[in-house]
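Here is the structure we will look at, set down as structure tokens.
Just so you know, these numbers use all the heavy atoms, side chains as well, and skip hydrogens, waters and symmetry mates. Just so you know, these numbers come straight off a predicted model, no measurement behind them.
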Amino acid sequence: GPPTPVGLTAAPAADALTVTVAWEPPADPSRIAKYQIVRQDTGEVVETDDGTTYSVVFPTPDGVVSRACFTVEAIDGDGSFSGESRPVCT
């Protein structure tokens, strides 16, 4: 499968209604079709449209970003998942 994303950051917006989750570009982006970002406490998922996007604005409409943690997985063209990244928390 594709390489596991590393270097995650999570930056909440001033209004606490979104969190920008970002990660480092991989050494070989051609192996990655898209990314899946999961909020750990709710299980909500956001996917990127492609494998060359390295951040996503994750909606947190409950406004609870104080304990929002996220993991990112890469997905290759065959639908195989990388390992889950280490979680990042706001």
Side-chain angles (χ1 to χ4, degrees):
T4 300
V6 296
L8 272 69
T9 60
D15 62 8
L17 298 180
T18 62
V19 174
T20 299
V21 181
W23 53 96
E24 292 179 11
D28 183 6
S30 67
R31 294 180 54 198
I32 298 169
K34 60 185 175 179
Y35 290 93
Q36 179 173 283
I37 301 86
V38 180
R39 180 176 167 178
Q40 296 299 296
D41 63 330
T42 62
E44 291 169 271
V45 174
V46 169
E47 282 192 355
T48 63
D49 292 333
D50 61 54
T52 58
T53 300
Y54 309 120
S55 70
V56 66
V57 177
F58 201 109
T60 52
D62 55 13
V64 181
V65 297
S66 58
R67 57 179 184 273
C69 296
F70 303 87
T71 58
V72 179
E73 287 185 88
I75 306 169
D76 67 16
D78 296 326
S80 299
F81 283 75
S82 69
E84 200 170 60
S85 71
R86 293 177 62 172
V88 64
C89 301
T90 53

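- Residues S80 and D78 have side chains that never bring a donor and an acceptor to within less than 3.5 angstrom of each other.
- Residue T20 holds its OG1 atom at 9.5 Å from CZ of F70, rounded to the nearest 0.5 Å.
- Other residues, nucleotides and ligands contribute over 12 non-hydrogen atoms within 6.0 Å of the CG atom of D15.
- Between D62 and R39 there is a salt bridge, since a side-chain N of the basic residue sits under 4.0 Å from a carboxylate O of the acidic one.
- Side-chain contact annotation: T71 with Q40, donor-acceptor N/O pair under 3.5 Å present.
- The two residues I32 and P26 come nearest to each other via the heavy atoms CD1-CG, 3.6 Å.
- Closest non-hydrogen pair, A74 versus P2, comes out as O-CG, 3.4 Å.
- Contact detail for I75 and E47: the closest heavy-atom pair is CD1-OE2, 4.1 Å.
- At least one donor-acceptor pair under 3.5 Å links the side chain of T4 to the backbone N or O of G83.
- Side-chain atoms of T42 come within 3.5 Å of backbone atoms of E44 as a donor-acceptor pair (strictly under, hydrogens ignored).
- At a threshold of 4.5 Å between side-chain heavy atoms, the hydrophobic network of Ile, Leu, Val, Met, Phe, Trp and Tyr places V38 and V88 in two separate groups.
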Review point. Yes or no on side chain to side chain contact (heavy atoms under 4.5 Å, CB included) for V19 and V21, after CA distance, side-chain angles and deciding distance?
Key: CA-CA 6 Å; V19 174; V21 181; 4.1 Å; yes

Practice item. Kindly determine whether D76 and R31 satisfy side chain to side chain contact (heavy atoms under 4.5 Å, CB included), including the steps that lead there. Key: CA-CA 6 Å; D76 67 16; R31 294 180 54 198; 5.6 Å; no

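- Scanning all heavy atoms of the two residues, the minimum distance from S85 to V72 falls at OG-N, 2.9 Å.
- Smallest separation of non-hydrogen atoms from A22 and S55: CB-CB, 3.8 Å.
- Put simply, the side chain of T48 never gets that close to the backbone of Q36: no donor and acceptor are under 3.5 Å apart.
- Of the inter-residue distances, the one linking I37 atom CD1 with W23 atom CH2 reads 4.0 Å to the nearest 0.5 angstrom.
- Side-chain atoms of T18 do not come within 3.5 Å of backbone N or O of P59 as any donor-acceptor pair.
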